[in-house]
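Below is one structure, written out as structure tokens; comments come after it.
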Protein chains: 2
Amino acid sequence: MLKLTKKADYGLMAMKHLAEHVDREALSAKDIADAYGIPPQALAKILQRLMRAGLLESQCGIKGGYRLARDPHSISAYEVIQAIDGPLFITSCTTLRGECGQSLRCTVREPLRKVNQSIEEVLKRIRIAHMREEPEMVETKQLADYVMIS
Amino acid sequence: MLKLTKKADYGLMAMKHLAEHVDREALSAKDIADAYGIPPQALAKILQRLMRAGLLESQCGIKGGYRLARDPHSISAYEVIQAIDGPLFITSCTTLRGECGQSLRCTVREPLRKVNQSIEEVLKRIRIAHMREEPEMVETKQLADYVMIS
DNA sequence: GAAACTCGGACTGATTTGGTCGCATATTCA
DNA sequence: TGAATATGCGACCAAATCAGTCCGAGTTTC
């Protein structure tokens, strides 16, 4: 129903948290989990995925933990979500190979692919450094005026 | 993982099909299902939902079927999806009541709500009358320039 | 060497999704 | 009038996905 998984939510929260503490030492998965009431083991696996995707640096051992691998201004929500949940497609029939196995005569695939691109672009524009409770975004109504004029 | 359900896909295909045959008699669920290889019973239930949402008119009995209740230019993809899958939220914690039961200190809810609005607007702009294989859409890259300038 | 971390697969229960079945009602037409 | 063909709707089931736990590693610090 067009929603993010909880894992993706957790991942975004963790990344935002790390972005707000770039100065500090590395933060452990438990530290972050406790701060938001997230199940620690669940968050641990999520952070490992973000690590493997190159978004985080990790340090093993006591005093270890995670740290952003890049400037928080350069990390998009899209990257975080994709690292956790894999590639996102709005159409349920689309696969990585790009084809629609189910209905050969599917006629909505192409228009929805465009929608998919729009959503991707929106998510790519959102950087974790910008995620504040009151983000300075251009009113979304305005943006809509630039889509589907045809 | 941010994807439409198959039911929503089917619904959009059916609506598009009906939009292309406004001139004809009412089309039965089976007619449409056969045209795209959709399980007839599954599509029947979807069409009933679209009917209850006021997007379709139905006629019982032999020679019966479905017909668009409104001008296809006035029906958005958003309406179709919402009629089938219910209200869509990008955040997994958001409920109809608007609150995040899980993590009280959830800090990404507000930024994601804005993303949600953007997606809604995009889907509302897409009318089923416009859904062609090669839709005339403004390049999505352009639209992204209007989001998140902060 | 103990403590506190990360690393990663295996596993389980809950929820959602995709689809079917059956029965009731409505309409057409012979 | 009654058979054929529609919609209307709830119940049901199997498969997939999601959310979360468990456990046994390896690493670093002290």
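Lettering of chains follows the sequences in order, A, B, ..., and the numbering in each one begins at 1. Quick caveat: nothing in here was measured; it's all calculated off a predicted structure.
- A straight line from CG of Asp85(A) to C1' of dT17(D) spans 11 Å, rounded to a whole angstrom.
- For the pair Ile84(B) CD1 and dT16(C) P, the computed distance is 18 Å after rounding to whole Å.
- Inspection of the Asp31(B) and Ser28(B) side chains reveals an N or O donor paired with an N or O acceptor under 3.5 Å.
- For Tyr66(A), counting side-chain heavy atoms from C-beta on, the closest listed nucleotide (dG18(C), dA19(D), dC7(C)) is dC7(C).
- The hydrophobic cluster containing Ile62(B) does not contain Ile32(B), counting ILVMFWY residues as joined when their side-chain heavy atoms lie under 4.5 angstrom apart, directly or transitively.
- At most 12 heavy atoms of other shown residues, nucleotides or ligands fall within 6.0 angstrom of atom NZ in Lys30(B).
- Atom pair Gln48(B):CD and dG22(C):C1' shows a separation of 14 Å (rounding to whole Å applied).
- In this structure, Gln59(A) reaches the dT29(D) phosphate: one of its side-chain N or O atoms is under 4.0 Å from OP1 or OP2.
- Going from atom NZ of Lys3(B) over to atom C1' of dT17(D) covers 10 Å, rounded to whole Å.
- Taking 4.0 angstrom as the limit, Ser58(B) places a side-chain polar atom (N or O) nearer than this to OP1 or OP2 of dG8(D).
- Taking a cutoff of 4.0 Å between a charged side-chain nitrogen and a carboxylate oxygen, Glu57(B) and Arg70(B) do not qualify as a salt bridge.
- Glu25(B) has its CD atom 14 Å from the P atom of dT7(D), to the nearest Å.
- Among the atoms of the strands shown, base atoms are found under 4.0 Å from some heavy atom of Lys45(A).
- Heavy atoms of Arg49(B) sit nowhere under 4.0 angstrom from any nucleic acid atom.
- Annotation: the terminal axes of the helix from dG1(C)-dC30(D) to dA30(C)-dT1(D) meet at 10°, where each axis is the rotation carrying the C1' atoms of four end pairs onto the next four (5 pairs per end, rounded to 10°).
- The only member of Leu47(B), Leu4(B), Leu50(B), Leu12(B) that meets side chain to side chain contact (heavy atoms under 4.5 Å, CB included) when paired with Ile84(B) is Leu50(B).
- Listed nucleotides dT7(D), dA19(D), dT27(C) differ in distance to Ile62(B); the shortest reach to its side chain belongs to dT27(C).
- For Arg49(A), the CZ atom sits in a loose shell: 12 or fewer heavy atoms of surrounding residues, nucleotides or ligands are nearer than 6.0 Å.
- Leu56(A) places its CG atom 13 Å from the P atom of dG8(C), with the value rounded to the nearest Å.
- Nucleotide dT17(C) holds its P atom 13 Å from the CG atom of Leu2(B), rounded to whole Å.
- Counting non-hydrogen atoms under 4.0 angstrom, Ala44(A) reaches nothing in the nucleic acid.
- DNA chain D is contacted by both Asp31(B) and Arg52(B); Asp31(B) maps to the nucleotide lying nearer its 5′ end (nearest heavy atom per residue).
- The pair Glu121(B)-Arg125(B) fails the salt-bridge criterion, with no side-chain N (NZ, NE, NH1 or NH2) lying under 4.0 Å from an Asp/Glu carboxylate O.
- In terms of heavy-atom proximity, Arg127(A) sits nearest to Pro72(A) at CB-O, 3.9 Å.
- Regarding contacts with the backbone of dG19(C), a side-chain N or O of Tyr10(B) is found under 4.0 angstrom from either OP1 or OP2.
- Between the NZ atom of Lys63(B) and the C1' atom of dC29(C) there is a distance of 11 Å, rounded to whole Å.
- Taking the side chain of Lys7(A) as heavy atoms from C-beta on, and the options dT21(D), dA19(D), dT27(D), the nearest nucleotide is dA19(D).
- Checking Gly61(A) against Pro40(B), the closest nucleotide of DNA chain C that is more toward the 5' end is the one next to Gly61(A).
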